[in-house]
There are 2 protein chains.
Amino acid sequence: MSFADTFKAMSDPVRREILMLLRSGRMSAGEIGSHFEMTGATISYHLNILKKAELVFESREKNFIYYDLNTSVVEELMLWLSELKGGNNHVEEV
Amino acid sequence: MSFADTFKAMSDPVRREILMLLRSGRMSAGEIGSHFEMTGATISYHLNILKKAELVFESREKNFIYYDLNTSVVEELMLWLSELKGGNNHVEEV
DNA sequence: GAGCTATTTAGAGTTTTTTCTAAATAGCCG
DNA sequence: CGGCTATTTAGAAAAAACTCTAAATAGCTC
């Protein structure tokens, strides 16, 4: 999905925490859920948003679904921020 | 304001475009508004969110209010993303 | 296949966000 | 001062996001 969806996905604290959890490796939906005081349905909702933003990808194994962090999209985000920060084109200095 | 507010502020496409506009230097609220098909009131609303997130700061001059990008907060955001991406602590590799 | 476990989907309720119009504030300039 | 310009604030309406409960799907394992 689009760049806008990536930012949107990152804007929720629960989703950011999920991403942080995944830093240390793949985790099943249930495992992720156990870190929050929310129903599995809500966690599933958040995972879906992260998945659509391509910030995570899933892999099915037995009857578990594992989620993995997709660092390449994080890098794209950083690139955008870097442009924002460093973008000193257009400056009218002499 | 908090870190969460910074992400929230970045999550709206209008606000991201405002930040991008400010890359090339300070701009008055009116000038910013002229780049969008929205009322001044709405632009003011967005500017206020950016200001609370410390992504921009204002300086008053005559009866204009100029807005400037605050790159240091952008850097903080990048730092967070960098931690997310690079955080390979906790890995159980052998 | 029956029952179990893991997870998602559907639908509804609540809260938050975005936008507008109208009115208020603030400072300039003649 | 009086009017003008620039911008914000207030309040309301509409849209989007988040969360829950209940039900559905899917793939084990016995």
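No hydrogens, no waters, no symmetry mates; every other heavy atom, side chains included, goes into these values.
Across the protein-nucleic acid pair, B/F36 atom CZ and C/dC20 atom P stand 12 Å apart, rounded to whole Å. For the pair A/E61 CD and D/dG27 P, the interatomic distance rounds to 14 Å; values are reported in whole Å. To the nearest angstrom, P of D/dA10 lies 11 Å from CG of B/N48. One atom, CZ of A/F7, and another, C1' of D/dA17, lie 19 Å apart when rounded to the nearest Å.
Within a heavy-atom distance below 4.0 Å of DNA chain D, the residues of residues 9-20 of chain A found are A/D12, A/R15.
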Q. Quick one: what's the B/S/- string for nucleotides 1-8 of chain D, heavy-atom cutoff under 4.0 Å, read 5' to 3'?
A. ----BSSB

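By the 30° and 60° cut-offs, the orientation of the rings of A/W80 relative to A/F3 is tilted.
Remark: A/E31 does not engage A/R26 in a salt bridge, criterion side-chain N to carboxylate O under 4.0 Å. A salt bridge links A/E58 with A/R60: the closest approach of a Lys/Arg side-chain nitrogen to an acidic carboxylate oxygen falls below 4.0 angstrom.
Contact check for A/I32 versus A/L22: side-chain heavy atoms found under the 4.5 Å cut-off.
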Side chains of residues 70-77 of chain B: which donor-acceptor pairs under 3.5 Å do they make with residues two or more places apart or in other chains?
residue : atom : partner : partner atom : Å
B/N70   : OD1  : B/S72   : N            : 3.3
B/N70   : OD1  : B/S72   : OG           : 3.1
B/N70   : ND2  : B/E54   : O            : 3.0

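In terms of phosphate contacts, B/T39 brings a side-chain nitrogen or oxygen within less than 4.0 Å of OP1 or OP2 of C/dC20. The side chain of B/H46 places no N or O atom within less than 4.0 Å of a non-bridging phosphate oxygen (OP1 or OP2) of C/dT17.
Of the possible donor and acceptor atoms, none in the side chain of A/N48 sits under 3.5 Å from a partner among the backbone N and O of A/Y45. A donor-acceptor pair under 3.5 Å is absent between the side-chain atoms of A/R15 and the main chain of A/H46, judged by distance alone.
Remark: A/L84 CG to B/L69 CG distance equals 5.0 Å, nearest 0.5 Å.
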